[in-house]
Structure formats: structure tokens, C-alpha cells
Engineer: 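Quick one: this structure, given as C-alpha cells, is what I'll be asking you about.
All values below were derived from every heavy atom in this structure, side-chain atoms included, with hydrogens, water molecules and symmetry-related copies excluded. Just so it is clear, the structure is predicted and the values come from calculations on it, not from any experiment. Each chain gets a letter, A, B and so on, in the order the sequences are listed, and its residues count up from 1.
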Amino acid sequence: MELDKHYSPQQVEDKWYSYWMDNGFFDSTPDEREPYTIVMPPPNVTGVLHMGHMLNNTIQDVLIRKARMEGKNACWVPGTDHASIATEAKVVKMLAEKGIKKSDISRDEFLGHAWEWKNKYGGIILDQLKKLGASCDWKRTRFTMEEELSNAVIEVFIKLYKDGLIYRGTKMVNWDPAGKTTLSDEEVIFKESQSNLYYVTYKFTDQTKETFNNELGGIQVATTRPETIMGDVAICVNPNDERYKDLIGKTVIVPVVNRVVKIISDDYIDIAFGTGCLKVTPAHDENDYKIGEKHNLEIIDVLDDDGRISERAGAYVGMDRFACRKQIVKDLEEQGIITKSEQIKNTVGHSERTDAVIEKKISTQWFVNMQAYLKRYPQVLSAVMNDEIKFHPSKFKNVYKHWLDNIKDWNISRQLWWGQRIPAWYDEKGNYVVAKTEAEAQKLFKDNAFKAPIVDNSNLIERHENRDTLNVQHSTDDEHISNPVNLTQDVDVLDTWFSSWLWPMSVFDGFKEGDKKDLKYYYPTNDLVTGPDIIFFWVARMVMAGYAFNGQKPFSNVYFTGIVRDKLRRKMSKSLGNSPEPMDLIAKFGADGVRMGMLLSSPAGNDILYDESNVEQGRNFCNKIWNAYRLIAGWQIVNDEAVTADIIASNELANQWFEMKYQIAVNDILNAFEDYKLSEALMSIYKLIWDDFCSWYLEMVKPIYGQPINESALAQAKNNLEKVLVLLHPFMPFITEELYHVLYDGKPEQPMILHAYPVSKNNVVEVDDRALQIISEIRNIRNSKGLSPKIAFELIIKTEQEKSYKVWETTISKLANVSTIHYNITKPEKCLTSLIGTDEIFIPFAEAIDEAAEMKKMQEELTYLEGFLKSVDVKLNNDRFVSNAKPDVIEKEKQKRADALEKIEKLKKSLTQNNN
RNA sequence: GGGGGCUUAGCUCAGCUGGUUCAGAGCAUCUGCCUUACAAGCAGAGGGUCACUGGUUCGAACCCAGUAGCCCCCA
């Protein structure tokens with residue numbers, strides 16, 4: 001059968017994926033073997049595969065396939081995340097396109113649409129992973145919002161509440177006016193931006209001469225947020241600021257609303273920033289809020305849910321916050337109240353999901369008390385610091401520690417519908433309990449085990465339309481309710497990460513009643529592969545959950561991938577159009593090629609600069625292997641008796657030589673795996689296959705054109721191909737499975753996916769291969785002299801180690817086109833010379849000899865060697881070196897000296913001979 | 001503002017506790033080859049003051065200090 005010159009992945013990949021699936025090779029159930037477990041970071045349920053997923057899942061697949069081949073019970077659990085805010089935003093958008101407003105439909109109707117959407121698009125991303133070759137146990141596919149997993153979330157909420165680690169409270173939170181929900185601190189992305197700093201004058205109420213110390217008739221405040229002026233309740237200066245000392249206690253008029261406020265003082269104020277005066281707006285700034293608390297100031301929230309100016313502002317009502325900013329600036333400039341502005345750089349918080357500018361707001365929400373949590377579970381920090389949980393690369397340990405050291409309470413309630421609804425129940429007065437069901441809640445109320453309503457001192461109107469159903473009356477009295485009638489469940493849902501942090505346990509039914517067989521077997525998992533961008537969102541929180549709910553770490557190793565960027569180091573993004581479509585790439589280059597392309601340039605923790613040339617390299621590599629097979633498959637076979645003893649011996653030697661190279665590579669590869677340096681492991685395999693196997697070994701055993709190969713050599717060649725395919729399989733599963741099958745006529749002992757992975761060996765059998773340098777040297781000579789490889793050379797070797805070369809004669813003749821080889825005969829008058837180590841070779845080929853050039857070459861080498869000898873001598877003559885350096889270092893230096901001396905002597909001899 | 005990291009060949013990166021002729025790899029480049037497995041290939045070659053300055057040491061890409069530039073995280 002004639003095989004195509006080029007490998008076609010398209011014809012092969014689907015076939016083998018189905019084969020693996022049909023035979024259940026990806027499936028795992030607990031047994032007596034050692035488990036090896038990875039849980040996939042669940043992608044957003046409605047997401048599509050991007051290059052980041054490709055990299056991340058390729059790495060996981062490499063790890064899981066290797067473990068499977070090592071005989072472990074490998075289990076890779078896939079799944080998707082309900083991604084509360086992202087999915088809800090998508091569904092809202094989809095409904096809007098149909099002309100349906102979220103506010104016009106009920107919660108249940110909305111959720112109906114959302115589930116429909118999820119069922120329609122939810123599986124796409126996982127199907128795409130199959131094209132990549134991901135060997136997940138698909139039977140275990142989970143979804144963070146399925147019933148079991150949602151139950152787990154509720155259980156955990158209740159437990160933490162009972163333990164006093166979850167509380168309801170009124171605090172300053174992050175508000176996303178586009179998503180109309182609060183966000184945790186981690187969901188706020190700070191971006192540097194150019195902002196205008198406006199200088200606003202607040203006129204003194206008392207316009208007498210003593211106060212009137214400038215022509216403005218007031219105090220000047222610098223602010224980037226003039227639209228919040230209506231919420232100003234004080235002006236604050238530093239008590240040590242000489243400029244304003246006398247003004248403390250005086251009153252000024254807030255522009256626009258003409259409110260009279262005091263000038264107060266606080267150490268917090270930075271004298272150097274702006275004018276040194278701060279307008280205090282406790283409703284919209286963390287620090288202002290603190291000052292407000294300290295000085296007992298009123299809180300006036302001037303913004304609505306969607307970022308418009310609220311009724312309470314008393315002016316510009318209904319105007320968008322940014323439009324209002326422009327308008328106020330314009331109006332106040334006209335009034336001479338804003339007299340100047342300047343450009344400054346500051347950082348502005350944006351929503352991770354909607355990219356809207358975040359507003360700080362006072363709100364009553366649910367929180368996890370992180371300080372208390374970490375106090376109760378100190379292993380969260382210590383396990384990472386003492387490498388019980390290992391980070392790769394380890395530099396992320398510092399990042400992790402720094403975050404934990406500065407951790408704040410975690411706001412877990414979201415004003416959304418898509419997610420796990422908070423299991424808190426309120427009576428008509430706002431008293432509340434936390435319970436799994438309404439019945440349990442009723443019982444708690446009956447037992448008077450409820451908490452009094454949170455008194456919201458922010459004077460905020462409850463502003464979420466979906467909150468209206470609550471009809472909460474804030475009251476401070478302690479009146480007990482003995483017969484609650486109407487209980488209402490909290491309308492908010494929990495932060496998505498409040499479910500994802502349970503993932504490694506919940507996918508193994510860790511919160512389900514029963515024997516917990518799977519959890520006991522698979523948990524803690526082995527490796528987690530994820531991006532450093534979710535180290536806080538997810539990695540840290542899984543560690544927290546692990547210790548709190550199971551008393552164990554969730555995983556032993558965390559492999560942080562980098563971010564996939566284009567070759568100009570820009571992030572991949574739709575708007576830039578610099579992100580290739582993964583499915584197109586696979587169609588064009590094959591999954592194996594793409595996998596290799598992604599892995600070649602991505603050491604752990606480093607960003608990977610995607611360039612199509614990497615993927616091309618992957619494809620080319622497939623082709624190279626394919627052709628190696630094609631060569632072997634095309635040979636005619638004869639009995640060993642039918643070929644000469646020389647050929648048998650030569651092939652045997654080639655096999656031993658390759659065995660040595662192979663074993664060295666295996667050791668390197670396993671070491672690289674040990675350190676999670678997958679790109680290094682792959683590079684070692686690449687070089688083993690391309691250089692050692694194809695360029696050397698196959699060329700050594702390849703029969704002369706038209707000649708057959710002896711059967712033992714063929715068997716060895718096939719075996720060697722098998723060995724390198726095995727090494728490669730975790731990285732390039734499809735082509736290796738394909739070739740392994742065709743290599744053994746479709747009937748290999750077992751499929752490649754289950755083939756045993758090699759182990760390292762301490763004693764690698766050395767094969768003396770110095771003779772191979774002759775081949776390179778002769779090729780080099782031909783190249784530099786412009787001599788065709790078709791011209792056969794005679795070769796003279798001057799050596800005391802004749803045997804080292806003799807065994808390789810057949811190979812040297814074949815690969816360097818040498819006709820005859822002589823040893824230690826008198827050097828002919830005109831010949832090319834070279835040093836191989838301390839041995840010399842001569843090629844009598846008079847026509848090509850440029851004597852002057854030969855002399856020059858030798859002279860240059862001699863000069864170098866003499867310089868080298870000198871530097872070695874300096875070391876060896878230095879008493880301090882001899883007395884301080886380790887003995888083996890000194891020994892090596894002595895050896896270098898001896899070698900150099902020998903070479904110099906030989907060169908000198910050649911030079912004088914040539915001169916004669 | 002606080003913390004972490006980086007700077008080695010044209011590009012992307014290795015280089016362990018200082019010591020092998022230690023300055024490496026892949027890609028790219030250049031030269032010669034359509035040599036009967038592969039031109040998606042073969043055989044070769046040329047590229048670097050290891051950011052800069054100083055120190056420690058018999059010996060520094062590696063340790064220390066400072067300088068410059070870049071990146072990330074946090075507030």
C-alpha cells in the first residue's frame with residue numbers, strides 16, 4: 001500500500017477518540033489501584049472554547065494520560081460552572097432581543113428561560129474539548145447548579161452561619177451598575193486611567209473678613225467626582241495643615257444643593273494631594289465612609305441602581321452619572337465655582353464581568369468573616385507555605401500569602417436570580433433565620449431563634465426592585481414574634497465562587513448523604529491546573545473549603561499556566577481579533593499539532609505568546625514521525641542469515657546506542673515531569689525522536705537503497721519506534737495511537753492509551769560513540785570545501801583506541817561515504833586533517849586541499865589551545881585555588897591540562913610536517 | 001503608595017547548592033543540497049560585554065549592594 005507523504009490528522013483523530021470513548025478508557029471507578037485525580041476548572045456553562053482553555057486542558061490531559069499509562073486509576077472530572085453574573089447577563093441580553101424585560105417577568109419565568117438557554121448551549125464547550133483529545137471521564141460531568149451541588153452550597157452556607165463565620169451586615173460594598181449587583185473585592189479590576197481633577201470652591205457661610213482669606217470667598221476642594229457633590233456632608237482638612245488651621249469648625253456651602261456643612265479635620269488627609277481639602281461623601285467612598293463613621297456624619301446616597309442620580313440628590317435627578325459629571329462641571333464653571341482642572345492618573349475599579357465602573361455603596365449583604373475563618377483554619381496558609389500544597393512556579397506562594405495577610409470579608413450575596421438562593425428567611429418585620437427549608441425556618445421562629453432586623457444606618461431606600469416583595473420594616477424593638485405567618489426567602493443568590501470552592505469535593509458527592517466512597521478514594525485530588533488570575537477567586541477558596549468541610553487539602557499541586565497572548569504580547573481578545581478560533585486551528589493543523597504548539601513555549605507560570613509557527617512546528621513534527629513510520633513500513637525483510645555479520649553487528653550496535661540515548665532522555669523527561677516542566681519534557685522527546693531516532697538511528701540501520709533489512713534489526717526498529725511513541729503519547733495522543741496500531745498491523749498488545757510508561761534507570765549502559773563525531777566532521781569538511789557527498793573519501797584514523805572506531809566502521813562508511821578506513825598508517829603528504837578529541841583523522845584528497853588554509857586553520861586552533869592551557873595553568877598554579885577548590889574540580893582541571901597538552905603536541909607535529 | 005518578579009543569541013526561554021572547553025535549546029537567519037521516509041525535508045554554519053556599576057571569592061550569568069528599564073499583584 002502506498003502511504004501518503006503527508007500525515008493527515010483529520011482522518012485519524014475522530015476515529016481514535018471514538019475508540020477510546022467506546023471502550024471506556026477514560027472512565028474511572030474506585031478500585032485497589034492508586035488514584036490520580038484532576039478536577040477540571042469548570043468553564044462557564046455558556047462559554048466557548050478559547051486559547052486559554054486549549055492550553056489549560058492540554059496540560060491536564062498530558063498529566064492525566066501519563067498517570068493512566070503509569071497504571072494509576074486516572075480520573076479527570078469535567079464540568080461547567082453556572083457563572084451567575086455572566087450567564088444572567090447573557091440571558092438578560094437574549095431576552096431583551098426578544099423584547100422581554102427582566103423586570104416584567106417573574107423570577108420563575110426568568111429561571112425557565114435561563115435553564116432553556118443553558119440546556120441549549122451548555123454542552124458546547126465540553127464537546128469542543130473532545131476535539132482536543134481531552135480524556136475526561138465524561139460520565140462524571142457535573143454542573144455547579146445541578147441539584148446535588150446546589151444542596152451542597154446550601155449546607156455549607158448553613159454550617160458556616162452556625163459556626164458564626166457567615167453574617168449579615170451593612171457595609172460598604174462594590175456595586176456594579178450594569179450588572180445591578182454587588183461584587184466581591186476580587187471581582188473589581190482596578191485600571192489606571194486619565195482623570196480630570198476639578199477644583200471646586202465651597203463658599204463660606206460667614207463672609208466676614210476673618211474667614212474671607214481669598215478672593216474666591218471659600219475653600220477650594222480638588223475632586224475627580226463632582227457628580228457626588230450632592231452627597232457631601234463635610235469638608236475635611238489635615239489638623240496639621242497650617243493653611244487651614246484657622247478654618248476648622250467653620251461652615252461652608254455645598255454647591256448645587258446649598259447644604260451647609262462643617263470643616264472638620266482628620267489625620268487621614270494627605271496635605272500634598274490637590275488642595276489638601278477633601279469633600280467628604282460617605283455614601284460613595286470607602287475612606288470618606290470611615291471619616292463619616294468617626295465624625296458621625298450623615299450618609300447621603302445620591303446614586304441609583306443603574307448609576308443614575310437618585311431622588312435623594314435633589315438635583316440632576318435621573319441623569320447618568322457620567323453625563324451628570326459633565327453637566328455639573330459645565331454649570332459650576334459658568335458660576336465660577338470650578339475655576340480650574342488638571343489631568344491626573346488614578347485607578348478606577350471596573351466590574352470584572354460587565355466592565356462598568358464600580359460604585360462604592362453602603363448596603364446590607366451577607367459576608368464571610370475571613371479573619372475568623374483563617375483563625376479557625378490556619379492550614380489555609382500554612383499548607384501552602386510548607387509545600388504540603390505545592391505551587392508551580394513557587395513564586396505564587398508570596399502572592400497567596402500577601403492576599404491572606406490582608407484579607408477582608410467576602411461579600412457573597414448577589415442581586416441576581418441565576419444561582420443558589422440564599423437560605424435565609426424573613427418575617428414581615430425583617431427578623432430572620434437561616435434554614436434549609438421554610439418549615440425549618442418556621443420552627444426556628446417558633447423557638448424564638450431568630451435575629452432582629454439589620455438596622456441600616458445608611459438611610460438607604462432598599463433599592464432593588466426584586467427586593468420589594470420583602471416588604472421589610474426596619475425596626476429596632478425587640479418584640480418577639482410567636483406566630484410568624486408570612487416568611488419570605490431572601491431574594492438574593494450566592495456568589496458563583498461560593499459554589500466553585502466546593503468543586504473538588506462536590507463532584508465526588510462529598511456533601512451527599514451516603515458512604516462517600518468516591519470522595520474517600522479520589523480526594524484530595526492530585527493536581528490542579530489553572531491560571532494565576534483566579535488564585536484568589538478559586539484556588540485559595542478551595543483550600544479554605546477543603547480544610548473547613550473535609551479537614552484536608554483539596555489538591556497537592558497547583559500548576560499555574562500563563563495567559564495566552566499574541567506575539568506582540570497583547571491579550572487575546574475578540575475586539576482585537578487576534579485570537580485564532582481553536583476549532584479552525586484543530587481542523588487545519590490537527591489536535592496533536594495544536595497541542596504541541598501550545599506546549600512548546602509555555603513553561604509553568606509564563607505567558608505563552610501564541611504564534612502560528614509553533615503550531616506549524618507541531619504539525620511538522622507529526623509529519624516527521626509519520627515518515628519515520630513510512631520508512632520502516634517500506635522495508636523488505638530477510639532472515640538474519642541472509643545478510644553479512646558486519647551488518648548484523650552494526651545494526652545491533654546502533655540499537656544499543658539508541659537504547660542509551662533513549663534511557664538518558666527518559667530520565668530527563670521524568671525529571672522534567674517531576675518539576676512540572678512539561679515544555680522541557682516535550683522538547684526532550686522532540687529531540688530524541690527527531691535527532692537521535694530519525695537523523696541517527698534510522699540512518700544507521702537503513703539498508704542501502706534496494707536492499708532488504710534483516711528481521712532482528714527490523715524488530716528492533718519497530719520496538720524503538722514504539723518506545724518513542726509511548727513517551728510522546730500524553731502530548732500527542734492521536735498520532736501515537738494510530739501509528740502504534742498500524743505498526744503492529746492493527747493488533748498491538750494493548751492500545752497505546754493503556755501502554756505502560758517507562759521508568760527511570762540509574763545505570764544507563766554507556767556506548768562509546770566518539771566515532772560518530774567523525775561523521776559530523778567529514779560532513780562539515782564536505783560542506784566547507786564544497787565537496788559533494790557523492791564523492792567517497794578514504795580515511796585514516798590515528799588513535800590508540802582503534803577498537804572504538806572499528807565497531808562503527810559500517811556506520812561511518814554509510815553515513816559519511818567513506819570507502820576505506822586505515823588505522824595509524826603513515827600520514828600521506830597532502831591531506832585534510834582534523835582533531836577528534838585527542839585523536840587525529842586524515843583525509844587524503846589532494847584536489848581539494850588548500851594548503852595555506854589548512855595551515856591557517858591549524859594555527860588558529862593551536863593559538864586557542866595555548867591560550868586555554870595558560871588559563872588552566874593560572875588556576876593550577878594558584879595556591880588558593882588548589883587549597884580551596886574541591887578535589888574533583890582540581891582533578892578536572894588537571895585532566896583539561898593534559899588533554900590540551902596532547903592536542904598541542906599533535907597540532908605542532910602536523911604543522912611542521914606540512915611545512916616540510 | 002505596598003508587595004512580588006523579570007532583564008542571557010533576532011524571537012521565546014533553560015541555566016539546580018558559584019567550578020565539565022559554560023555561555024545553552026527551540027524557532028528564525030545564512031550556506032549547500034529535489035541524496036529513493038519526510039523540501040512540512042537533509043547536511044552544515046554564523047549569532048551573546050549574561051541590563052549597568054561596584055563588592056564578596058582562588059573562581060560570578062549564578063551571591064551581595066546600588067542604578068536603569070520592563071511586567072504582575074494588591075490598595
Engineer: Taking only side-chain N and O atoms of A:N623, does any of them lie within less than 4.0 angstrom of OP1 or OP2 on B:rG41?
Structural biologist: no

Engineer: Can you list everything that forms a ring pair (Phe, Tyr, Trp, His ring centres under 6.0 Å) with A:W410? Sequence neighbours excluded, please.
Structural biologist: A:F498, A:W501

Engineer: Side chain of A:S776 only, heavy atoms from C-beta on: which candidate in B:rC42, B:rC58, B:rG44 is closest?
Structural biologist: B:rG44

Engineer: Within the structure, does a side-chain N or O atom of A:K702 lie under 4.0 Å from either OP1 or OP2 of B:rA37?
Structural biologist: yes

Engineer: Is the charged tip of A:R619 near the ring of A:Y7: under 6.0 Å from the six-membered ring centre and within 45° of its axis?
Structural biologist: no

Engineer: Can a donor-acceptor pair be found between the side chains of A:Q895 and A:D899 at a distance below 3.5 Å?
Structural biologist: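 A:D899 and A:Q895 do have a side-chain donor-acceptor pair below 3.5 Å.
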
Engineer: Answer yes or no as to whether B:rG4 has its base stacked against A:H402, where stacking requires a ring-centre separation under 5.5 angstrom and planes under 30 degrees apart.
Structural biologist: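 A:H402 ring does not meet the centre or angle cut-off for B:rG4; no stack.
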
Engineer: When you check the phosphate oxygens OP1 and OP2 of B:rA45, does a side-chain N or O of A:N780 lie under 4.0 Å from one of them?
Structural biologist: yes

Engineer: May I ask you to decide whether A:D566 forms a salt bridge with A:R570, counting only side-chain N to carboxylate O separations under 4.0 Å?
Structural biologist: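 Judged by the 4.0 Å cut-off on N to carboxylate O distance, A:D566 and A:R570 do form a salt bridge.
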
Engineer: Is the closest side-chain donor-acceptor distance between A:N174 and A:N411 under 3.5 Å?
Structural biologist: no

Engineer: On a whole-Å scale, what distance lies between the C1' atoms belonging to B:rA43 and B:rC34?
Structural biologist: 14 Å

Engineer: Could you label the plane-to-plane angle of the A:Y744 and A:Y740 rings as parallel, tilted or perpendicular, counting under 30° as parallel and over 60° as perpendicular?
Structural biologist: perpendicular

Engineer: Let's see if you get this right: which residues in residues 680-690 of chain A place a heavy atom under 4.0 Å from RNA chain B?
Structural biologist: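 Within this stretch, A:E680, A:M683, A:Y686, A:K687, A:W690 sit under 4.0 Å of the strand.
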
Engineer: Any side-chain N or O of A:T347 less than 4.0 Å from the OP1 or OP2 oxygen of B:rA75?
Structural biologist: no

Engineer: Within less than 4.0 Å of OP1 or OP2 of B:rA37, is there a side-chain N or O belonging to A:R630?
Structural biologist: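 No.
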
Engineer: Any side-chain heavy-atom pair from A:M51 and A:P580 closer than 4.5 angstrom?
Structural biologist: yes

Engineer: Contact class for A:L865 (heavy atom, under 4.0 Å): base, sugar-phosphate, or nothing?
Structural biologist: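 Base, at least one base heavy atom under 4.0 Å.
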
Engineer: Could a donor-acceptor pair under 3.5 angstrom be found where the side chain of A:K875 meets the base of B:rC58?
Structural biologist: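 In this structure, the two groups form no donor-acceptor pair.
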
Engineer: Just to confirm, is there a sub-4.0 Å distance from OP1 or OP2 of B:rC74 to any side-chain nitrogen or oxygen of A:K408?
Structural biologist: no

Engineer: Taking donor-acceptor contacts at under 3.5 Å, does the side chain of A:E699 reach the base of B:rA43?
Structural biologist: no

Engineer: Using the side-chain heavy atoms of A:S613, tell me which of these nucleotides is nearest: B:rC27, B:rA40, B:rC58.
Structural biologist: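 The closest nucleotide is B:rC27.
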
